[in-house]
Protein chains: 2
Amino acid sequence: MSARSSALETLRAAGRRITPERDLLVRIIDRNPHLDATEIYRLARKTRPRIGLATVYRTLNLLKELGVVRASELGEAHRHYEVRGDEHVHLVCSECGRVVDVPAPKRLRAQAEARGFQVERYRLELIGRCADCAARCEES
Amino acid sequence: MSARSSALETLRAAGRRITPERDLLVRIIDRNPHLDATEIYRLARKTRPRIGLATVYRTLNLLKELGVVRASELGEAHRHYEVRGDEHVHLVCSECGRVVDVPAPKRLRAQAEARGFQVERYRLELIGRCADCAARCEES
DNA sequence: ATGGCTGCAAACACTTTGCATCGGC
DNA sequence: GCCGATGCAAAGTGTTTGCAGCCAT
């Protein structure tokens, strides 16, 4: 099942309406991970010029509540959204801003829970230089 | 050497002035980890009522540039500041908001660097219930 | 047809900036 | 005394909210 149809299904199950705006936004987030609200808005307007920024924010918050997307603040910047799948770690390049995902280590959760802390979710971002940018910095 | 005097030393070394405002703000951040700008401002006004919020922000940014403090967005919220010491993980309680620090595992860095990613710094927050809140939820 | 959803604009919260004054060096 | 730092207020961002009309159900 695609992330898109699963998201729409979740909406339906929660008794919320499926509107063209919501469908469009889900598709955009699904296809482009790590966009912020303004970027999502910009993309959405290409398809649906009359969509409002408020709708983007309202939809993002709704999807977040329903657990369809997750928000994270990549390297000091604004809030970025992505469909929730497996837990993973963000590698954020401080040079080009590119974001690479790597699967998350299981040990973290275990360590925290050994201290009596019940982990619900986590946010992990490593900020630094991606391989490309590191190489470019070497040569110059 | 205390975090405070070390911070002031860093200011001096960078050729920046040591003002009563800066000294006060460093002391506040040092004594109370995980405060946001407004909370720091509120505390600062108790001692120095005429201090401006802009000074708080300017000082926080300066200290961040100098590497004296680090900023992180705890559990969706605003930006929080703390003096930079050892790398560590934040355990953020979703119930009471309490933040517990635990030392950071070294493996993370190694894993990322195995992929050619040069880690400069990272942000890691586990959100969930602290031991106390978990216990309280059990009994009720 | 009814209530949720949208677009628009105004309100909000947080952060930065312009400028005259002040004070660390 | 010089120049950086401050306080105040105004401007900038990013996000939320009030409201009249619209449309999915």
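Order of the sequence lines fixes the chain letters, A, B, ..., with proteins taken first and strands second; residue numbering starts at 1 for each chain.
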Verify the contact: side-chain N or O of [X] to OP1 or OP2 of [N], cut-off strictly under 4.0 Å; return yes or no.
X	N	value
A/R50	C/dT6	no
A/R12	D/dT25	no
A/Y57	D/dT16	no
A/T19	D/dC23	no
A/T55	C/dC5	no
B/R16	C/dG24	no
A/N61	D/dT16	yes

Check the distance between [N]'s [atom2] and [X]'s [atom1] and give it to me in whole angstrom.
X	N	atom1	atom2	answer
B/I51	D/dC8	CD1	P	10 Å
A/Y41	D/dT13	OH	P	16 Å
B/I40	C/dC14	CD1	P	13 Å
A/L8	D/dT25	CG	C1'	15 Å

Q: Using only heavy-atom distances, decide whether a donor-acceptor pair under 3.5 angstrom links the side-chain of B/R17 to the base of D/dC3.
A: yes
Q: Could you grab the distance from atom CG of B/D30 to atom CG of B/L25, nearest 0.5 Å is fine?
A: 12.0 Å
Q) With sugar-phosphate meaning primed atoms plus P, OP1 and OP2, does A/R58 contact a base, only sugar-phosphate, or nothing at under 4.0 Å between heavy atoms? A)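 Here A/R58 touches the bases of the nucleic acid.
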Q: Write down the atom of B/V56, the atom of B/A37, and the distance for their closest heavy-atom approach.
A: CG1-O, 3.8 Å
Q: Could you check B/R22 against B/A54 and say which one's nearest nucleotide on DNA chain D is further toward the 5' end?
A: B/R22
